[in-house]
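First up is the structure itself, then whatever we jot down about it.
Naming: A, B, ... by sequence-line order, numbering from 1 per chain.
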Number of protein chains: 4
Amino acid sequence: MTKKLAKSAISQKRVLDAAARIFRDFGYAGTTMRAIADEADLKAGSIYYHYKSKDELISAVLDIGIHAVIDTVQNALKALPEDASGRQRIETAIHAHLSAIIDIGDYTLATRRVFGQVPEAIRAKNMRLRNSYGSMWQDILVEAQKRGEFRADANITLARLFILGALNWTVEWFKPGGRTIDDVAREFSSVVVDGLLDKQAGEISGSAQPPSGPRVRAI
Amino acid sequence: MTKKLAKSAISQKRVLDAAARIFRDFGYAGTTMRAIADEADLKAGSIYYHYKSKDELISAVLDIGIHAVIDTVQNALKALPEDASGRQRIETAIHAHLSAIIDIGDYTLATRRVFGQVPEAIRAKNMRLRNSYGSMWQDILVEAQKRGEFRADANITLARLFILGALNWTVEWFKPGGRTIDDVAREFSSVVVDGLLDKQAGEISGSAQPPSGPRVRAI
Amino acid sequence: MTKKLAKSAISQKRVLDAAARIFRDFGYAGTTMRAIADEADLKAGSIYYHYKSKDELISAVLDIGIHAVIDTVQNALKALPEDASGRQRIETAIHAHLSAIIDIGDYTLATRRVFGQVPEAIRAKNMRLRNSYGSMWQDILVEAQKRGEFRADANITLARLFILGALNWTVEWFKPGGRTIDDVAREFSSVVVDGLLDKQAGEISGSAQPPSGPRVRAI
Amino acid sequence: MTKKLAKSAISQKRVLDAAARIFRDFGYAGTTMRAIADEADLKAGSIYYHYKSKDELISAVLDIGIHAVIDTVQNALKALPEDASGRQRIETAIHAHLSAIIDIGDYTLATRRVFGQVPEAIRAKNMRLRNSYGSMWQDILVEAQKRGEFRADANITLARLFILGALNWTVEWFKPGGRTIDDVAREFSSVVVDGLLDKQAGEISGSAQPPSGPRVRAI
DNA sequence: AATGAATGAGACTTCATTCAT
DNA sequence: GATGAATGAAGTCTCATTCAT
């Protein structure tokens, strides 16, 4: 009995993986059940044994996609010491988010490509998950601001939208084999936390402080 | 004679505007010629009098989209004084980019939604325009770095990708009636230029310098 | 007034010629009004000033086609002396028919290509003309048979169908620049009138007898 | 297992037969997939399960058409004794060709009607088969000429074109229920081999012989 | 006489989905 | 669990035809 279930589960996974890859490459409407079936080494009709419809399939892919990001980021944050700084948390979260997006897979890529075209109901359901992810980020930033690490006059909500926007857009240009995720994460954190401004020169300058660490970063 | 030309041009514009709206809402494959025709108050077959195919239509929408952004940003930058600071340039460019994206219209929204699904050839053609736009940004940032305004160790290319990513993602959450473009532009510039860090507190602290100028920024 | 009529007539001729060429190349359903218009250097809508419909156009082309053949053949035959032999008449008619078909033009070629696909009513009307042409041939052959030139046991109707079939099929393989019409006409006449048989050798040979009896013919 | 294969094959045959009939009646561009589907008792979309496109369908019909003729004629010739005369071979081939054209079916009729309008590539492919058939005829005639049966001065190539033209044209007028194929084949052979000329009378005559018998042949 | 613009019908084709086997 | 065959709805596009100008 377990065996039978197992076989079914394996097929189901194969279909899901195939679906993610195809949705990723062709978008929602551009994806055909036959294409998914081919990728999963099945016939189109057979998919319906595992998933009731195309919509149920895309819904599963979407949910797995965001869950993967949420889980990866949450786990990475949990692994930090209690007293980690805001900078550390942000850098960690950015790194984890990018890892999930880039590494973990076709699911997140499929999500990005497909999200705007999926039937409203499916999108709404997935959106709830994504919003809870947004809250997580908001908490990190608000917390750091409360502790005095971040400027009191910064608009945290807009900052969060800026950060998540930049992160999500990464998949549009990131190519494995070029820059590493580490580099990208570090530099993103640096822009967000420190800004581009040269504080030695300052705007009005006057300050003689050297940049506190060897923040050198050649590309 | 002018009237005749006008009629054709008007229809063409009506079709194009309709196409942008529908592509924006339903993506490339999700958009039907009939839907565009309905929106333009024509019959589906009539579109073909003005555009040879769906692909030619989306191509036109895509090109208009990026051209609008390029033109708006270029004009805004030209209006700046010769000696404008990097911060000023960035803030101006961000503002202009957001204005174009949000204001000028559905074209840029359509672009965002459709880009990943459009036939390769069309995407490639449009990409050339977009790359030239990227160069414009790169120039602004490099220039400011050269003049000592921005940290020498900042990776300008990544910073640029980061900024444009965040800007382009804006359309996903920006709703007219809420925050103004001015606010968003100012805050985005602030994150990019100053970072989130509170320089008074500093990370390592030690520094006793007060923030040198009236960096006040109401939100 | 005559001038105006003239202009109209010229345009009409231009449309007709264009139609013949396009019908010839693409068949009835394969021909579009726009293609004809292009060939005639007009816009599609303008054709309707001269002809009420596509059907009226094809009908005109069809009628001109057969009329040209009829006229050419009739004139050629009239030019023969009263006492011309059957062989002479046949050779003359074959030559004239081929000339018309090949030389005179696209009309007859269009007819051949289009005939089987044209609406029944149009075909029927044109068929009446063609039948009268068939009668002309029948007369030539019957006459020759009556005068004892041709075998009394020959089935004239079938012979006529054979000849006209072979002639009409010519357009399928005849290419100007290769064999001349004269050659083809002479050889065709020779096959029809003399047969391929070598009379010196005979079939049974040895016998000086003409094959007197029921020339058995195994199937 | 055999049953499953059978079902597919049967449907495929049904579609093919239907296609031949419809192409025959309406030509290539005049034939719609729906019309074929109706004739085959299917829905239009279902045809695509068996054939990838209209072109693949017409191509299949065309190839079957010529193959049928080739096979029928080849088999008939093989059944002849080694020493069969040229006349016998021709009569046999004509008879077989007509049988195939008339009897075996709509395929050859469809070919005739459709050939001039089919996309070039398809026509070229089919033409290769047809040319090999032409060679077969050429061989028969050349052989007979070599053995002295046929006049040495006859142009065999033209004679062949003449014969095949007349044969192919038959479908334009032959109606089952009227003349039998036997009659037509015999008479066509007679025209080709013997010619129409009355050899007793000759052209120069001098002969006073009446046509030897009542070799009457009613139509 | 001719044209630009539009229409409506219908063509080929694709595709999600169903169901008997 | 899976497949072959079929369906019906819908999509892109073509085309004969109309009509105001």
Between B/Arg34 and B/Asp38, does any side-chain N to carboxylate O distance fall below 4.0 Å?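 So B/Arg34 does not pair with B/Asp38 through a salt bridge.
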
Salt-bridge present (C/Asp17, C/Lys13; N to O < 4.0 Å): yes

Specify the separation, in whole Å, of atom [atom1] of [X] and atom [atom2] of [N].
X: B/Phe26; N: F/dG11; atom1: CZ; atom2: P; value: 11 Å
X: B/Leu57; N: F/dC13; atom1: CG; atom2: C1'; value: 13 Å
X: B/Arg14; N: E/dA5; atom1: CZ; atom2: P; value: 12 Å
X: D/Asp38; N: E/dG10; atom1: CG; atom2: P; value: 13 Å
X: C/Ile47; N: F/dA16; atom1: CD1; atom2: P; value: 9 Å
X: B/Asp41; N: E/dA5; atom1: CG; atom2: P; value: 17 Å

Between C/Gly30 and B/Thr31, just flag the one whose closest nucleotide in DNA chain F comes earlier from the 5' side. B/Thr31

Closest to the 5' end of DNA chain F, once B/Met33 and A/Gly45 are matched to their nearest nucleotides, is A/Gly45

Distance-only, no hydrogens or angles: does the C/Lys54 side chain make a donor-acceptor pair with backbone N or O of C/Thr31 under 3.5 Å? yes

Return yes if some donor-acceptor pair links the side-chain N/O of C/Ser59 with the main-chain N/O of C/Asp55 below 3.5 Å, else return no.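 Between the backbone of C/Asp55 and the side chain of C/Ser59 there is no qualifying donor-acceptor contact (under 3.5 Å).
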
OP1 or OP2 of [N] sitting under 4.0 Å from any side-chain N/O of [X]?
X: D/Lys43; N: F/dG8; result: yes
X: D/Ser8; N: F/dA5; result: yes
X: C/Tyr49; N: E/dA2; result: no
X: B/Thr32; N: F/dA10; result: no
X: B/Ser11; N: E/dA6; result: yes

Side chain to side chain, C/Met33 and C/Tyr48, heavy atoms closer than 4.5 Å: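 A side-chain contact under 4.5 Å exists here.
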
Taking the side chain of [X] as heavy atoms from C-beta outward, which of [options] is closest to it?
X: D/His50; options: E/dA6, F/dA6, F/dA2; value: F/dA6
X: D/Tyr48; options: E/dC12, F/dA6, F/dA2; value: E/dC12
X: D/Ala44; options: E/dT13, F/dA2, F/dT17; value: E/dT13
X: D/Lys54; options: E/dC12, F/dA5, F/dC13; value: E/dC12
X: D/Leu42; options: F/dA2, F/dT7, E/dA5; value: F/dT7

Assign B/Arg34 to base, sugar-phosphate, or nothing according to its heavy-atom contacts below 4.0 angstrom with the strands shown.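 The answer is base, as B/Arg34 lies within the cut-off (heavy atoms under 4.0 Å) of a base atom.
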
Base, sugar-phosphate or nothing for D/Ser46? Non-hydrogen atoms, less than 4.0 Å.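 If one applies the 4.0 Å heavy-atom cut-off, D/Ser46 turns out to touch a base.
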
